[in-house]
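Following: one structure in structure tokens, then a few remarks.
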Protein chains: 2
Amino acid sequence: MDTPPTTTDWLRLDQQICFSLNAASRAFGSVYRVILKDLGITYPQYLVMLVLWEHGDLPVKKLGEHLRLDSGTLSPLLKRLEAAGLVRRERSARDERSVEVRLTEQGVALRERAERVPRRIAAATNFDVDEISALRARLDQLTSALDAAVHAELPDEG
Amino acid sequence: MDTPPTTTDWLRLDQQICFSLNAASRAFGSVYRVILKDLGITYPQYLVMLVLWEHGDLPVKKLGEHLRLDSGTLSPLLKRLEAAGLVRRERSARDERSVEVRLTEQGVALRERAERVPRRIAAATNFDVDEISALRARLDQLTSALDAAVHAELPDEG
DNA sequence: AGCCATTTGGTTGCGTACAATTGAATTGCG
DNA sequence: CGCAATTCAATTGTACGCAACCAAATGGCT
């Protein structure tokens, strides 16, 4: 009744941490897919719009820093947003390497329709604001630790 | 100092819940990528192997239920595992619609090398077992709520 | 001025995710 | 038995996410 954990237990426990995280992330994806269908954008595209609405026009680099995404992900995504008419991409005059991402009128206008989204999401989680804050803090803490581990070239054991 | 939250606050808070989740999930991905490189498999492939090690040979359907993945994801993934020699896919004799996924000798043997993985991951998180359990429980609760919301065809507001 | 490391986006290739469709096999029902 | 509905896997098409590589532009240094 109180045997020490076997290797099998470790393998199972292990699955559950990251698996639960993964599952929650994908479950969120499903909810967003439904809610964002009206707006005609995907969840990652919505994240980009959130950043632009909050911070105004930004170069791709800055966008990537806010979202933890690199150009390999952002370039095609931004092209789709541009094709949808929500965003323009313009080479910076000052630094020709840089591409400024600018909201179009449509992009600005979309914000109004997006304002209903957060409340609907919050309702779907069935968590209150404090619970969400606590969970978010925990997750950020976890992310920091994982980032540090990756950059530390991963020591072999604990 | 105690003004009610504006719509902008909502949009920001909203970003943080799902964004933190997403970020944590991707951070885990980076850690697993490094740790699993030795084994020559990706994280989702590792999940499949975990299920097979725990439950033995399974049809694709059952595998998908354990992992919350559909055949569109599993089919190509399983082909890659088969190409790597870790798994065989065989049409069930009893039900020709079903495909049994079976571990090869190599697949069974890989388990031994995989046994070091969980401890290394746990070390990278910098969380103790209880913290991990608590977080996992919270995430599962969240996933359940989100699943319910999706299946309930998403009521408009909270 | 000339050279070179760095910065910045873009592209390619691979591997998930998932909706939608297809097609074969099976089951259920009259 | 015969046929319609269902089940199951595969395929197709779209969209991330990221590593690896590339090219243009910049800035520092001599």
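Treat the numbers as computed from the prediction; the structure is a model and nothing was measured. Chain A is the first sequence line, chain B the second, and so forth, proteins listed ahead of strands; every chain is numbered from 1.
Here the closest non-hydrogen pair linking A23(A) and R68(B) is CB-CD, 3.9 Å. What you find for M49(B) and G107(B) is that their closest heavy atoms are CE-O, 3.8 Å.
A straight line from CG of L81(B) to P of dG15(C) spans 11 Å, rounded to a whole angstrom. Between the CZ atom of F28(B) and the P atom of dT16(C) there is a distance of 18 Å, rounded to whole Å. In this structure, I41(A) places its CD1 atom 13 Å from P of dA15(D), rounding to the nearest Å. When the P atom of dT12(C) is taken as reference, atom CG of D70(A) falls 16 Å away, rounded to whole Å. Regarding E100(B), its CD atom lies at a distance of 9 Å from the P atom of dA9(D), rounded to whole Å. The CG atom of L36(B) sits 16 Å away from the P atom of dC18(D) (whole-angstrom rounding). Between the CZ atom of R89(B) and the P atom of dA9(D) there is a distance of 11 Å, given to the nearest Å. Taking atom CG on L77(B) and atom P on dC18(C), their separation rounds to 13 Å, with Å as the unit.
Summary of the strand contacts: G72(A) and R26(A) both lie near DNA chain C, and taking for each the nucleotide with the nearest heavy atom, the more 5' one is attributed to G72(A). Nearest-nucleotide mapping onto DNA chain C: of L78(A) and Q45(B), the residue sitting toward the 5' end is L78(A). If Y43(A) and V99(B) are placed on DNA chain D by their nearest nucleotide, the residue sitting closer to the 5' end is V99(B).
Among the protein residues, L74(A) comes within range of no part of the nucleic acid, since none of its heavy atoms lies under 4.0 Å from any strand. Here K79(A) lies in heavy-atom contact (under 4.0 Å) with sugar-phosphate atoms only. Base engagement by S71(B) is indicated by at least one non-hydrogen atom pair under 4.0 Å involving a base atom. Within 4.0 Å (heavy atoms only), R33(A) reaches sugar-phosphate atoms of the nucleic acid but no base atom. Note on P59(A): only backbone sugar-phosphate atoms sit closer than 4.0 angstrom, heavy atoms only; bases stay farther off. Among the atoms of the strands shown, only primed sugar atoms or phosphate atoms (P, OP1, OP2) are found under 4.0 Å from some heavy atom of L69(A). Heavy atoms of T73(A) sit under 4.0 angstrom from at least one base atom.
S98(B) has no side-chain polar atom (N or O) that falls below the 4.0 Å cut-off from OP1 or OP2 of dT7(D). Phosphate proximity of dC16(D) to T42(A): present, with a side-chain N or O under 4.0 Å from OP1 or OP2. Checking the phosphate oxygens (OP1, OP2) of dT16(C), a side-chain nitrogen or oxygen of R80(B) falls inside 4.0 Å.
In terms of polar N and O atoms assigned as donor or acceptor, the side chain of R97(A) never comes within less than 3.5 Å of the base of dT26(D) in a complementary pairing.
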Next item on the list: Kindly determine whether D70(B) and L74(B) satisfy side chain to side chain contact (heavy atoms under 4.5 Å, CB included), including the steps that lead there.
Entry: CA-CA 6 Å; D70(B) 69 4; L74(B) 286 175; over 6 Å; no
Next item on the list: Go through the steps to decide whether L36(B) and T42(B) satisfy the test side chain to side chain contact (heavy atoms under 4.5 Å, CB included), and finish with yes or no.
Entry: CA-CA 6 Å; L36(B) 291 177; T42(B) 66; 5.9 Å; no
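Distance from the side chain of P44(B) is smallest to dA17(C) among dA9(D), dA25(D), dA17(C). When the nucleotides dC16(D), dG9(C), dA10(D) are ranked by their closest atom to the side chain of R91(B), dA10(D) comes out on top. Minimum atom distance to the side chain of D95(A) is reached by dA25(D), of the listed dG17(D), dA25(D), dG10(C).
Ring-plane geometry between H66(A) and H55(A) is classed as parallel, the angle between the planes falling under 30 degrees on a 0 to 90 degree scale with a further cut at 60.
Taking 4.0 Å as the cut-off between side-chain N and carboxylate O, E82(A) and R89(A) count as a salt-bridged pair.
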